[in-house]
Amino acid sequence: MGCSQHIDATSVTEAISILQSQGDKAVLVAGGTDLVGMLNNRLISPETLVNIKTIPGMDYIREYSGGLRIGALTRIRDIETSAIIREYFPVLAEAAVSVGSPQIRRMGTLGGNFCQEVRCWYYRRSPATGKTFTCYRKGGNVCYATSGDNRYHSVIGGKKCFAACPSDMAVALASLHAHATLAGASGTRSVPVEDFFIPLGNILKPGEMLTEVSIPALKPGSRQKFLKFRHRKTIDFALCSVASVLEVEAGVVADASLVLGGVAPFPYRAKAAEQVLKGQPLTEDLASEAGAAALRAARPLSLNAYKVTIGRVLVKRAILGVDM
Amino acid sequence: MKQRVTLNINGTEEEVYAEPWWSLAQVLREEFGLGGTKIACNTGDCGACTVLLDGKAVRSCLILAVKAQGRKVVTIEGLRGKDGGLHPLQQAFMEHFAVQCGYCTPGMILTAKSLLDENPAPTEEEVREGMSGNLCRCTGYAKIVEAVMAASARMRGEHR
């Protein structure tokens, strides 16, 4: 192990300057719920751990003109229990409750939930077991899942890497049209949440960090639902999830936002399904049709076609606002 | 390079030199010989490494030892009843046969301790939710929940 120092950063500027000077030898650590497990399994061995939990003023949930700004160091538990989020953005509260376990949610942060590594078992194989899969993500030139056991991998949008985006928060936030703020040495930029994720990781450039997620104002009375299908009720990642935000006026869908998790390397916006819904009277048949449209782009691997079946049903149920 | 960490473990001020990547679980077991804290998954899934950090249940395998600087850690070895004997949770786990192989037990008891400190009179559903991050491979969940409910009643002075 080369890890030689642990620095308590006191400002975003300081954290960025360490990242800039040390390149990929330094990694940021906040709640540590993903990163420390990776250290334990020797999946990563950075020279410098930059603790950003010591940066003041990055843990907040603030209202602004009908929308919300959430600091990257806000704990998942605080999102889950926030009265504002429960009342106005319940899709986000429902996603938060589904993350990990109570202890993980008390430690894990929003920024960490976005930046956590994928769950692919080839990628996550600990070198301590005596075998390492040097895949695309590790700088190799092969994805072991495409010809191996890919039951938990992507059915849409895989490119080189087929691991699915593990973040539940990003799925709900994308359905709310949220933006992520990325800070670098030359200032900040803002990107739609679903564009933050790419098949080999995320769009953060060297020396950049995620500082905030902002949710725009939403028309009151929207119908929101987050559904997550997984093996266990707790401590488990989504095989498939859906976040749905609908504006329904006099029984007709005025606007629809539908995002799927667990099926792609990024939160997958089901635009075809949104189009199916818009302007139509909301019926069970329409919801089924939207479910079919949502997964039309799917190209399953050898062992994960079941995700398409689950996804269609989850989309339908989310639209109708029924539970699992 | 090792860093000096001072922390309070089970009521005693301690000092240790820890590498920046060492977990608290590793330090408790290997530097202090406190084997009651188990390391099973080592990735935060199972809850066997649960300790109390400043009174709250946390996964010690996910906490860097250097982050425990200046904080209070209680492990299963440090849990006591008011009379210095077994804590009511430990007593209840025995009486309700809530232990099979025992590997999850320290984490279960400390998670329950944190839960009852926050909510002294939980419903069975609240106990299940509060304990949902701790895995028992012997699947003794029914008896574990019974034991936590019984300890809760006893700690509130309602004998049963």
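Naming: A, B, ... by sequence-line order, numbering from 1 per chain.
Sparse packing is recorded around CZ of B/Arg137, with 12 or fewer heavy atoms of other residues, nucleotides or ligands lying under 6.0 Å away. Heavy-atom neighbours of B/Phe97 CZ from other residues, nucleotides or ligands within 6.0 Å: at or below the threshold of 12.
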Stepwise side chain to side chain contact (heavy atoms under 4.5 Å, CB included) check, A/Ser4 with B/Glu19: CA-CA 7 Å; A/Ser4 59; B/Glu19 292 286 359; over 6 Å; no
Given side chain to side chain contact (heavy atoms under 4.5 Å, CB included), test B/Gln3 with A/His6 step by step and report yes or no. CA-CA 9 Å; B/Gln3 293 181 22; A/His6 178 275; 3.5 Å; yes
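For the atom pair CG (B/Leu53) and CZ (A/Arg106), the distance works out to 12.5 Å, reported to the nearest 0.5 Å. Atom OG1 of B/Thr43 and atom CG of A/Asp34 lie 9.0 Å apart (nearest 0.5 Å). Separating the NZ atom in A/Lys233 from the CD atom in B/Glu129 is a distance of 10.0 Å, to the nearest 0.5 Å. Taking CG of B/Asn134 as the reference point, atom CD of A/Gln103 lies at 6.0 Å (rounded to 0.5 Å). Atom SG of B/Cys61 sits about 11.0 Å away from atom CG of A/Leu39, to the nearest 0.5 Å. We find the CE-CG distance between A/Met107 and B/Leu62 to be 5.0 Å, quoted to the nearest 0.5 Å.
The side chain to side chain contact (heavy atoms under 4.5 Å, CB included) with B/Lys67 is formed by just one residue from the set A/Asp8, A/Val36, A/Leu49, A/Asn51; it is A/Asn51.
Interface remark: of the candidates B/Gly44, B/Ala57, B/Ser23, B/Ala57 forms the most heavy-atom pairs closer than 4.5 Å to chain A.
Only the side chain of B/Lys56 comes within less than 4.5 Å of a heavy atom of chain A; its backbone N, CA, C and O stay farther away. Both the backbone and the side chain of B/Ile63 come within less than 4.5 Å of a heavy atom of chain A. Residue A/Asn40 touches chain B through both its backbone and its side chain, counting heavy-atom pairs closer than 4.5 Å. In this structure, the portion of A/Lys53 lying under 4.5 Å from any heavy atom of chain B is its side chain and not its backbone. Residue contact with chain A, scored on non-hydrogen atoms closer than 4.5 Å, is absent for B/Gln26.
What you find for A/Ser101 and B/Gly133 is that their closest heavy atoms are CB-CA, 3.3 Å. Scanning all heavy atoms of the two residues, the minimum distance from B/Ser132 to A/Pro102 falls at OG-CD, 3.3 Å.
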